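See structure below.
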Amino acid sequence: QVQLVESGGGSVQAGGALRLSCVVSGYIYGRYSMEWFRRGAGREREGVADIGSDDRTTYTDSVKGRFTISRDNAKKTLYLQMNSLKPEDTAMYYCAAVRNAAGEYQYWGQGTQVTVSS
């Protein structure tokens with residue numbers, strides 16, 4: 001019933017910007033956390049930015065000052081504004097929703113590709 005669909009990826013030159021969106025369809029009750037993850041070629045999946053059920057945000061060090069996570073509850077949409085992109089930001093980006101006490105996310109999107117050329 002619940003689906004997460006990412007969009008907004010593409011190819012840009014270093015220093016460019018993109019805004020990713022993740023639309024939640026179906027019903028998720030209450031307040032819940034969401035997070036953007038990414039996986040680059042030959043690299044492990046890493047958390048990029050998180051917004052908790054209390055609306056506090058957290059970023060991995062490599063994107064601090066460049067990326068901003070936000071959400072619009074009325075539109076049931078999560079955003080990731082990515083500025084000053086670097087080649088090392090090249091990855092498939094995924095959104096996830098509803099983290100349990102064990103740190104596991106219940107719902108995942110299919111991903112959107114971001115490619116940054118030097």
Side-chain angles (χ1 to χ4, degrees):
Q1 185 69 30
V2 174
Q3 290 184 267
L4 276 57
V5 180
E6 303 97 332
S7 63
S11 298
V12 298
Q13 291 185 290
L18 287 170
R19 188 179 76 158
L20 307 184
S21 299
C22 173
V23 178
V24 179
S25 62
Y27 182 72
I28 304 175
Y29 66 87
R31 303 171 63 86
Y32 54 92
S33 61
M34 297 190 73
E35 187 165 352
W36 286 100
F37 292 85
R38 68 185 181 187
R39 193 200 318 271
R43 295 151 65 183
E44 298 296 321
R45 185 179 67 200
E46 66 172 341
V48 177
D50 169 87
I51 184 163
S53 58
D54 58 2
D55 292 323
R56 287 188 287 185
T57 59
T58 306
Y59 301 89
T60 191
D61 286 344
S62 64
V63 308
K64 287 180 179 176
R66 299 189 297 121
F67 290 11
T68 303
I69 187 171
S70 63
R71 63 182 166 195
D72 185 327
N73 290 328
K75 296 180 178 180
K76 298 176 66 176
T77 302
L78 178 74
Y79 301 99
L80 184 67
Q81 179 66 48
M82 306 185 295
N83 298 327
S84 302
L85 284 162
K86 304 175 180 179
E88 53 261 42
D89 296 318
T90 295
M92 184 73 74
Y93 284 72
Y94 303 87
C95 66
V98 190
R99 186 171 60 198
N100 63 21
E104 177 182 277
Y105 277 94
Q106 183 173 359
Y107 305 109
W108 288 83
Q110 295 300 303
T112 184
Q113 178 67 39
V114 171
T115 302
V116 184
S117 60
S118 60

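The first residue in the sequence is number 1, and the count goes up from there. Bear in mind the structure is a predicted one, so any value in this text is a computation, not a measurement.
- The aromatic rings of Y93 and F67 are tilted relative to each other, their planes meeting at an angle between 30° and 60°.
- Considering OG of S118 and NZ of K86, their distance stands at 13.5 Å, rounded to 0.5 Å.
- Although no hydrogens or angles enter the test, the distance criterion places no donor-acceptor pair under 3.5 Å between the side chain of E46 and the main chain of R38.
- Of the possible polar contacts, one joining the Y59 side chain to the I69 backbone as a donor-acceptor pair under 3.5 Å is found.
- Evaluated for a side chain to side chain contact (heavy atoms under 4.5 Å, CB included) with M34, the options L78, D50, I28 yield exactly one hit, L78.
- Distance check, rounded to the nearest 0.5 Å: CH2 of W36 to SG of C95 gives 5.0 Å.
- Looking at N100, its side chain does come within 3.5 Å of a backbone N or O of G103 through a donor-acceptor pair.
- Checked options N83, V12, D89; the residue passing with L18 is V12 (criterion: side chain to side chain contact (heavy atoms under 4.5 Å, CB included)).
- At a threshold of 4.5 Å between side-chain heavy atoms, the hydrophobic network of Ile, Leu, Val, Met, Phe, Trp and Tyr places Y79 and I51 in two separate groups.
- Rounding to the nearest 0.5 Å gives a distance of 7.5 Å between CD of Q113 and OG of S11.
- Considering CZ of R66 and OG of S84, their distance stands at 7.0 Å, rounded to 0.5 Å.
- No donor-acceptor distance shorter than 3.5 angstrom exists from the side chain of Q81 to the backbone of R19, with no hydrogens or angles considered.
- Enclosure of atom CD in Q110 is not indicated, since only 12 or fewer non-hydrogen atoms of other residues, nucleotides or ligands lie within 6.0 angstrom.
- S21 and T77 get closest at one heavy-atom pair: CB-CG2, 4.2 Å.
- Here the shortest heavy-atom pairing between G109 and Y94 reads O-CD2, 3.6 Å.
- At distances below 3.5 Å, not a single donor-acceptor pair connects side-chain atoms of E35 with backbone N or O atoms of G47.
- M92 and Y105 fall within a single hydrophobic cluster, where Ile, Leu, Val, Met, Phe, Trp and Tyr are joined by side-chain heavy atoms under 4.5 Å apart, directly or via other members.
- Both V114 and V63 belong to a single network of hydrophobic side chains, linked directly or stepwise wherever heavy atoms of I, L, V, M, F, W or Y lie under 4.5 Å apart.
- For the pair W108 (side chain) and L4 (backbone), a donor-acceptor distance under 3.5 Å is absent.
- A pairwise comparison of heavy atoms in E44 and R39 identifies C-CG, 4.1 Å as the closest pair.
- Hydrophobic clustering, with ILVMFWY side chains joined whenever heavy atoms are under 4.5 angstrom apart, keeps V23 apart from V98.
- Under the 4.5 Å side-chain heavy-atom criterion for ILVMFWY residues, a single connected hydrophobic cluster contains both Y107 and V24.
- In terms of modelled atom types and a separation under 3.5 Å, the side chain of T90 and the main chain of V116 share a donor-acceptor contact.
- A salt bridge between R31 and D54 is absent, with no side-chain N of the basic residue lying under 4.0 Å from a carboxylate O of the acidic one.
- When the shell of 6.0 Å around CD of E88 is examined, it contains more than 12 heavy atoms from other residues, nucleotides or ligands.
- Across every non-hydrogen atom of A49 and L80, the tightest pair is CB-CD1, 4.1 Å.
- Side-chain atoms of L20 and E6, non-hydrogen and from C-beta on, never get closer than 4.5 Å to each other.
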